[in-house]
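Quick caveat: nothing in here was measured; it's all calculated off a predicted structure. A, B, ... follow the sequence lines: proteins, then strands. Residue 1 opens every chain.
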Amino acid sequence: MAFTSPPDPAAFDARVYRVVCAIPPGRVMTYGQIAELVGRPAGVAARTYAGVAARWVGAAMARAPDFVPWQRVINSQGRISPRPGRGPDEQRRLLEAEGVEFSARGRVDLERFGHHGRQ
DNA sequence: ATTATGACTCCCA
DNA sequence: GTGGGAGCCATAA
């Protein structure tokens with residue numbers, strides 16, 4: 001996961017949690033979107049930020065407090081990234097309970113359920 | 001000290 | 001639309 005920790009991991013995590021907590025129920029956001037919304041720290045190349053920061057977000061989510069709606073964070077393909085240890089479909093069940101629909105191949109239509117930041 | 005292991009995204013075949 | 005490789009490091013055992 002994390003390639004190079006963010007300049008200020010604690011602050012980065014806090015911003016990530018704030019953004020994730022702002023995602024309304026029934027909506028989802030990608031790791032990359034969150035990374036962009038949180039803002040690219042100075043000193044990090046723009047091109048590499050996309051892939052790297054997404055993993056920072058993933059790492060932050062791995063340590064996320066209970067109140068963070070982690071289930072609303074999925075990858076850029078609209079698919080659920082498998083989490084180590086947890087139930088394989090736990091995230092999907094939680095999202096479906098909120099009204100998020102999955103395609104036959106298990107993908108979420110980001111055009112319909114994606115959250116573009118703000119509300 | 002060495003090894004294994006990552007909640008990802010982009011780009012190209 | 002799907003699949004594989006690159007990017008390139010911190011942390012735990």
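At least one donor-acceptor pair closer than 3.5 Å links the side chain of Gln91(A) to the backbone N or O of Val73(A). A donor-acceptor contact shorter than 3.5 Å links the side chain of Ser103(A) to the backbone of Arg107(A).
At whole-Å resolution of the value, CE in Met29(A) and C1' in dC8(B) are 16 Å apart. Going from atom CG of Asp13(A) over to atom C1' of dA10(C) covers 14 Å, rounded to whole Å. We find that CD of Gln91(A) is positioned 11 Å from P of dC8(B), with the value rounded to whole Å. Per the geometry, CH2 belonging to Trp56(A) stands 14 Å off P belonging to dT9(B), to the nearest Å. In this structure, Glu36(A) places its CD atom 17 Å from P of dC8(B), rounding to the nearest Å. Asp109(A) has its CG atom 15 Å from the C1' atom of dG1(C), to the nearest Å.
dT5(B) and dC8(C) have their P atoms separated by 22 Å, given to the nearest Å.
Listed by first then second residue, pairs satisfying salt bridge (Lys or Arg N to Asp or Glu O under 4.0 Å) with a partner in residues 64-80 of chain A read Arg72(A)-Glu98(A), not counting sequence neighbours. Within the structure, side-chain hydrogen bond (donor to acceptor under 3.5 Å, both in side chains) contacts touching residues 12-35 of chain A (residues at least two apart or in different chains) do not occur.
In this structure Asp109(A) satisfies the side-chain contact (heavy atoms from CB on, under 4.5 Å) test together with Glu111(A), Arg112(A), sequence neighbours excluded. Qualifying side-chain contact (heavy atoms from CB on, under 4.5 Å) partners for Glu96(A), counting only residues two or more places apart in sequence or in other chains: Arg92(A), Phe102(A).
Contacts between residues 68-75 of chain A and DNA chain B, defined by a heavy-atom separation below 4.0 Å, involve Trp70(A), Asn75(A), listed by number.
Across all strands, Arg79(A) comes closer than 4.0 Å to no nucleic acid atom at all (heavy-atom distances).
Closest approach of Cys21(A) to Phe67(A), counting heavy atoms only: SG-CD1, 4.0 Å. The minimum heavy-atom distance linking Val20(A) with Pro69(A) is given by the pair O-CG, 3.4 Å.
Put simply, Ser76(A) has a side-chain N or O that comes within less than 4.0 Å of OP1 or OP2 on dT9(B). Listed pair Arg55(A) / dA10(C) fails the phosphate criterion, with no side-chain N or O lying under 4.0 Å from OP1 or OP2.
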N/O contacts under 3.5 Å, protein versus nucleotides 3-5 of chain C?
none

Side chain to side chain contact (heavy atoms under 4.5 Å, CB included) between Val108(A) and Ile74(A), worked out
CA-CA 9 Å; Val108(A) 173; Ile74(A) 60 179; 4.0 Å; yes
